[in-house]
Amino acid sequence: MKNRIGPLLTYIYLLAFLVFLYAPVLAMMAMSFNRSPLYALPIQLDLRWFRALMNNKRLIQATGNSIVLALANMATATVIGTSASLALARYQFKAKKVLSVLLVPPIAIPWLILAVSMLLFFQLLGLGRSLSSMYVAHVAVSLPYAILVITARLAGSDSSLEEAAMSLGANPVITFLRITFPLMLPGVLAAALFSFTVSFDNFAISYFLAPPGVSTLPVEIYSAIRKGFTPEINAIATITFAVSMIMVLMADRLVRFD
Amino acid sequence: MKNRIGPLLTYIYLLAFLVFLYAPVLAMMAMSFNRSPLYALPIQLDLRWFRALMNNKRLIQATGNSIVLALANMATATVIGTSASLALARYQFKAKKVLSVLLVPPIAIPWLILAVSMLLFFQLLGLGRSLSSMYVAHVAVSLPYAILVITARLAGSDSSLEEAAMSLGANPVITFLRITFPLMLPGVLAAALFSFTVSFDNFAISYFLAPPGVSTLPVEIYSAIRKGFTPEINAIATITFAVSMIMVLMADRLVRFD
Amino acid sequence: MSYVRLDKVTKRYREIYAARNISLAIEKGEFFCLVGPSGSGKTTMLRLIAGFVRPTAGRVYIDGRRIDDQPPYKRDVGIVFQNYALFPHMSVRDNVAFGLRVRNLDRVAIDQRIEEMLDLVQLRGFEDRRPDELSGGQQQRVALVRALVTRPRVLLLDEPLGALDKKLRTQMQVELKQIQREVGITTIFVTHDQEEALSLSDRVGVIDKGVLVQLGSPTEVYERPTNHFVANFIGQSNFFKGEITDLGDEGVVVTTPSGAVLRGSARSGLSLGQQVTLAVRPEKVRLTTGDVEAHNRLEGTVVHVTYLGNSTSYVIDSGDGGTVVALQQNLLAGGAYPAGTEVVVTWSKESCFVVAANPARVPQPRQGSE
Amino acid sequence: MSYVRLDKVTKRYREIYAARNISLAIEKGEFFCLVGPSGSGKTTMLRLIAGFVRPTAGRVYIDGRRIDDQPPYKRDVGIVFQNYALFPHMSVRDNVAFGLRVRNLDRVAIDQRIEEMLDLVQLRGFEDRRPDELSGGQQQRVALVRALVTRPRVLLLDEPLGALDKKLRTQMQVELKQIQREVGITTIFVTHDQEEALSLSDRVGVIDKGVLVQLGSPTEVYERPTNHFVANFIGQSNFFKGEITDLGDEGVVVTTPSGAVLRGSARSGLSLGQQVTLAVRPEKVRLTTGDVEAHNRLEGTVVHVTYLGNSTSYVIDSGDGGTVVALQQNLLAGGAYPAGTEVVVTWSKESCFVVAANPARVPQPRQGSE
């Protein structure tokens, strides 16, 4: 029916797009392993920039903050997201439609705007910049993602499975533990990974809400670039990129398969 | 079966979450209409901060830049995204699976990292900071969103519709114009809106890649906050938020219904 | 005493009645079928018994105890869903064992019971497969033994054969009936396939728009449908409208507008001069070419012949615009009367029954039948 | 001359043959059915003719011209899909008009043709509805007229009634056949429902694992299946294995291992002493209680009685472990022989045919039949 040119063109064309998207990242990764601070070619393999990172106390401190914040956020967003998704999927109530429509847009509110409004809000509430403000804001930003991912997984499941379990004598608790939860687990894991990533990568909220003396990894990267672009940044960006990629690919796999 | 408490708790609880998510934004919007620069209550309605915006040439210039960039990006990402999605949906080729897996993660690469790598890459290529660098980087960032949205729409369609059209005598061009395209149109429009929003809201890429003297709206907002938080920022943030929300709600509606 | 009993059960969703004042008593060990078109409310009946929905009014009893206020997991009722609802994350063994493990039976007893049940449906050797590695028929059998393994008081089957193709469906009907007999469980089966209902069940309930319109043995429901809907939904019928011109112990005489005089069996509540509809089944109509004596006799021309393999269906134009459908078993190779043959159509008054008295509007069936 | 012709068509997907060296000629105006179990390759055959897939080897002709190298839109072949494939963004009118507008016919001619076609399927007044506002039966009819409106050379139907429930399905079969007759179009119909195939078609092709195993009129295929698969897939059969002990012009005599002597009609390629399987259809078997003379005669006890409404099915245990299924039309109310009755089972040698000579492995059917 179709000739062979269509697929071939498409192939070349998508390949070009991916090269274009990944090339900068790959270049950055390559440079992080290059000895020369002036990006001289050919690349001389050297881990000096990574070693330099090890000695950068400020950066290690910031990375620690980012990880702690991301973990706390992940735990909170996943638990709340799971229960909210279950409630949305199982109960019929009048305001449900309104609620589920309202859940989507927060994903698209520019983080900068959200950060601005959170800063203002916490100031109005008298909380100001603090670790707890940061934590709350991160949860607010991740939760819609968590709910969307889990809801997508639940939509594929079938309430007749739970009915079958109950007709076999399983009470609601056993039904949840043996049927509902195992079936939604991939979605829950994916939501956890997404929540972690969303928080770990966030710059604007952390920047505006961080109390004096507290910093996170994205904030440090940003400051470092403003001070002057050093290959050390490539190294830390490479690590961040690798971690994000691994988490997202895992999440994607969990949502699609099994 | 279930008692009435479950839905009620869920209801209260989701409501609390939404209040928490929207309250800062609403507070910010309220303050943008408040006469007092010190956030004094009660609110005295006044459009002075919006009027001040009108006279802020720098901000208007930046907003213009943002709009032009967002429109150019939207057009490019939508056209490329549409054809790429069609190719992915229609043709079977060996590398297809690899390609479609590679398309997902760019969405999750932190924009800061992407911006860093793009800056490095364009410097290596000798392009440096320029309007075309910005445009190219924005397209790279939006395209995965566009492809995901259109692909989701195409997945719901049925190739037997196109077969039916062809059996009725429609050649591939007519089949595309009369069947395929009208059915994917909501997805295409949604992709356009998302691409626009993604670009319009982007801070990191614009900040790093903008040539001297060129600024965008998010960059201006960010600079303004650093200089000192004025109610003018609330006004511009309110406008940005309103525009983003309208676009996203439209896109969401297009993808879900019709 | 009846084992499963519905007492004036009504289920309303806003303005729509899915069940309207239904009373029904099913005996222990009985195979009961609920038949009706899609949307008639038959699945709602099952869900009321299983406990997934609660009645708006009325009560449900099993073995003399009221159960409509109990949650599903306390009712001890097995159910097989149309889509089987096998747990996709569990092997066949774990699916079947689920009900036993929930009851905390000991391991050995569980294993033995599973073996027994898998033997019953010839699925030994499939214990470790996942549901998606089984064929449709195998999945159906796993769903069945999963529901039976806990020895529930009642087995509910919600169109369990609907997803299978025709040949497999017929085969599974035989198996299902055999297993039900061996196990001896009280069974309620829901289907839209009237032939399936007749062949499987001890008794049939015909349901239409949430109302139980007829209840009886397959023979009673098929041979003596009490109204036009049943006569048309359970099997085919030829309908004749006319006026009662004689009424006595020997039966009823109806004269059609075109002057044909038809004789049917009497039933109560009829009176002379009344407008009624008579019905006769296609397989009760005899076709001949010679002269025959019979209660009912029409002459006509064969206009359509449809070969059905084991039988042949004839559409006969009886001259006055009406048509009669006749079904004949192919005792030899089929098609004794080609189209155009002049035939005599006869049937006995015992096969001919009144289905509607003073009907508000009797839809004119295509080709004399539907 | 044949109108649609497949010449040694093979379609292979990697190692799997969806069609294997199929040659087939369909006459102009014929209603041809392809029947087979799911996965047998029948839909692939339609897609080869429509042009959605291309043969790995072989050629396809319509009206004497080779078409297998033409794209679908040049073949002038109408198709109705199982899911109907109505354009969801268009009204009924626009769906039906699609094929005409593509041909740039003038507006008046298009409108007139649409009115004609919608009249044909009684859908006037539904022109402005969207497909999702129609019932299943109505959607089916829109799909049918959309395919017919351009007066294609061939109409392909891919299980078009599969999504309908049983009662509606029977009704649509009658309509479909009537429309096909009125329009007079060459039609190829794919189904897994053997009864549908027999009742609708002029000729039937039985397909199994990509191979065309039998081709003939419904009567030929049903009355004289040439192998075990066809005898089992098209209708039910009773099978008897045995050795040929006599062979002549009057037929074949087969002696079973238990000593029963059965007589069947002869066919070529048989020889004395050969192991063969004889088959007889349930409806050709007569049940009596008295003494009767017949070519084939077994005595037995009724073990199962299944009431089917218009007929009753009996399973008779013939004593030596074998069972015979007999079907009897319910000329009066059903069930003349209750379970336990001693009966005599007879059938003529003309109804009894050889289906397998030296079969490698004949699956032992449940209850003597499937």
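Residue numbers start from 1 in every chain, and the chains themselves are labelled A, B, ... in the order their sequence lines are given, proteins ahead of strands. None of these values were measured; they are calculated from a predicted model.
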Which answer fits D/Asp76, side chain, backbone, both or neither, if we ask what part of it has an atom under 4.5 Å from a heavy atom of chain B? neither

Walk me through it: do D/His89 and B/Ile179 pass the test side-chain contact (heavy atoms from CB on, under 4.5 Å)? CA-CA 8 Å; D/His89 58 307; B/Ile179 308 296; 4.2 Å; yes

Under the side-chain contact (heavy atoms from CB on, under 4.5 Å) criterion, do D/Val77 and B/Ser167 qualify, and how do the steps go? CA-CA 6 Å; D/Val77 164; B/Ser167 76; 5.9 Å; no

D/Phe81 and B/Glu163: which non-hydrogen atoms are nearest, and at how many Å? CE2-OE1, 3.5 Å

If you draw a 6.0 Å radius around CZ in D/Arg66, do more than 12 non-hydrogen atoms from other residues or ligands fall strictly inside? yes

Please state whether the side chain, the backbone, both or neither of D/Phe87 comes within less than 4.5 Å of a heavy atom of chain B. both

Are more than 12 heavy atoms, taken from residues, nucleotides or ligands other than D/Arg101, located less than 6.0 Å from that residue's CZ atom? yes

Taking all non-hydrogen atoms of both residues, which atom of B/Ile174 and which atom of D/Val102 are closest, and how far apart? CG2-CG2, 4.2 Å

Chain B: which of D/Thr150, D/Leu100, D/Asn83 shares the most heavy-atom pairs with it under 4.5 Å? D/Asn83

Which heavy-atom pair separates B/Leu168 from D/Ala147 by the least distance, and what is that distance? CD2-CA, 4.3 Å

Under 4.5 Å to a heavy atom of chain B? For D/Arg103 that would be side chain

Greatest number of heavy atom pairs closer than 4.5 Å to chain B - which of D/Gly99, D/Ala85, D/Ala50: D/Ala85

Is it the backbone or the side chain of D/Arg47 that comes under 4.5 Å from a heavy atom of chain B, or both, or neither? side chain

Smallest separation among heavy atoms of B/Ala170 and D/Tyr73, with atom names: O-CB, 3.2 Å

Checking heavy atoms, do the side chain of D/Leu86, its backbone, both or neither come under 4.5 Å from chain B? backbone

